[in-house]
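Comments concern the structure below.
For the numbers below, each heavy atom of this structure counts, side chains included, while hydrogens, waters and symmetry mates do not. Here is the naming used below: chain letters follow the sequence lines, and residue numbers restart at 1 for every chain.
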There are 2 protein chains.
Amino acid sequence: MRPLFHPAVEDVQPAAILHALSDPTRAAIFARITREGCVEACSAVSALGDRVIPKSSLSSHFKVLREAGLIRCERHGTEMRNHSRILEVEARFPGLLPAIMNAYARSLNDEPPPS
Amino acid sequence: MRPLFHPAVEDVQPAAILHALSDPTRAAIFARITREGCVEACSAVSALGDRVIPKSSLSSHFKVLREAGLIRCERHGTEMRNHSRILEVEARFPGLLPAIMNAYARSLNDEPPPS
DNA sequence: TCCCATAGTTCCGAATTTCGGAACTATGGG
DNA sequence: CCCATAGTTCCGAAATTCGGAACTATGGGA
């Protein structure tokens, strides 16, 4: 397995970032990776509410985030470690990712889960 | 023709905004409406580079922007006037729209059109 | 009033994208 | 060498997007 492709930070496109984060599931995954520094792929499953996300869907979510330049993925043994590229992206597009994550946090506060 | 539906600002969702603006054409339309204050729909066609955007596509782009809460549309006679809701959205999600528009502006500077 | 031009919307089939189960591959440990 | 774990790929079904053609709404004449 050759290392996965990651775009150089100067090739990262706003459209790709917005598309990647326009999916709440991916945004939650990215938020978690950023918050925790490093997250192993499958462990993210159990953490996103109680919804079960199929492995194949998760795999493609990670691929979208990686190709958008939002995360860096490397294999360690049998597991995949995912790191946030937020600092790199922040340098290129100042304020973008914090604003997006704040917006999601805000809207989650506004609408607590329908209990 | 009854007035079009516009979401209240407190119902505006980050996912919808990111999805709407993840399309460069829509982002350009929104940027133009915001910059100029008010733009009539079809006049936006000629302004987006030299690419011809079919009327039906334009119509659905405006619809996506409107339903995401980014613009307000009202009919005046036979034409449609579109206003940016950037101030409302800014109040709810501070920094979000400026950061997105800066990011697009930045990436356009980085890659001038392939002449 | 009727007709026309302008401006947008709707309809609908084709192309593209997303979803997710099942099968497959990679890696490390007995 | 075989197995368990972790992810990826494949592929058909479902959902979205695209855009041409037909349709509708509005206002300005004649």
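There is no side-chain donor-acceptor pair under 3.5 Å between A/Ser84 and A/Arg35.
If you find the closest nucleotide of DNA chain C to B/Ser60 and to A/Pro54, the one lying nearer the 5' end belongs to B/Ser60.
For the pair A/Asp110 and B/Glu10, the minimum side-chain heavy-atom distance is 4.5 Å or more. Taking 4.5 Å as the limit, some side-chain heavy atom of A/His6 sits within range of a side-chain heavy atom of A/Leu4. Looking at B/Arg85 and B/Pro7, their side chains come closer than 4.5 Å, going by heavy atoms from C-beta outward. In this structure, B/Ser107 and A/Arg92 have side chains that are in contact, with non-hydrogen atoms separated by less than 4.5 Å. For the pair B/Phe93/A/Ile100, no side-chain contact is recorded, criterion being any heavy-atom separation below 4.5 Å from C-beta on.
Straight-line distance from the CG atom of B/Asn82 to the P atom of C/dA7: 14 Å, rounded to whole Å. C/dT18 atom P lies 17 Å from atom CZ of A/Phe62, rounded to whole Å. The CZ atom of A/Arg81 sits 15 Å away from the C1' atom of D/dG7 (whole-angstrom rounding). Counting to the nearest Å, the C1' atom of D/dG20 and the CG atom of B/Leu58 are 14 Å from each other. Protein atom CG of A/Asp23 is 9 Å distant from nucleotide atom P of C/dT18, rounded to whole Å. Here C/dG8 presents its C1' atom at 15 Å from CG of B/Leu65, a figure rounded to the nearest Å. In this structure, the NZ atom of B/Lys63 is 13 Å from the C1' atom of D/dT17, given to the nearest Å. Going from atom CD1 of A/Ile53 over to atom P of D/dT8 covers 14 Å, rounded to whole Å.
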Per-pair distances, 0.1 Å, donor-acceptor, side chain in residues 52-66 of chain B, under 3.5 Å, sequence neighbours excluded:
{"from": "B/Ser60", "atom 1": "OG", "to": "B/Ser57", "atom 2": "O", "distance (Å)": "2.9"}
{"from": "B/His61", "atom 1": "ND1", "to": "B/Arg26", "atom 2": "NH1", "distance (Å)": "3.3"}
{"from": "B/Arg66", "atom 1": "NH1", "to": "B/Phe5", "atom 2": "O", "distance (Å)": "2.7"}

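Salt bridge status for A/Glu79 with A/Arg81: present, with a side-chain N to carboxylate O gap under 4.0 Å.
Remark: the A/Ser56 side chain and the C/dG21 base include a donor-acceptor N/O pair separated by less than 3.5 Å.
Side chain of B/Glu79, nearest nucleotide from C/dA7, D/dA21, D/dC18: C/dA7. Here the nucleotide nearest the side chain of A/Met80, chosen from C/dG8, D/dT8, D/dG19, is D/dT8. When distances run from any side-chain atom of A/Ser57 to the nucleotides C/dC19, C/dA22, D/dG7, the shortest one goes to C/dC19.
Within the structure, a side-chain polar atom (N or O) of B/His19 is placed less than 4.0 Å from OP1 or OP2 of D/dT17.
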Bracket string, DNA chain D, 5' to 3' - pairs by Watson-Crick or G-U geometry under 3.5 Å, | interstrand: ||||||||||||||||||||||||||||||
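The hydrophobic cluster containing A/Ile29 also contains A/Ile86, counting ILVMFWY residues as joined when their side-chain heavy atoms lie under 4.5 angstrom apart, directly or transitively.
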How does protein contact run along nucleotides 24-30 of chain C, one letter per nucleotide 5' to 3', with B for base contact, S for sugar-phosphate only, - for none, heavy atoms under 4.0 Å? --SSS--
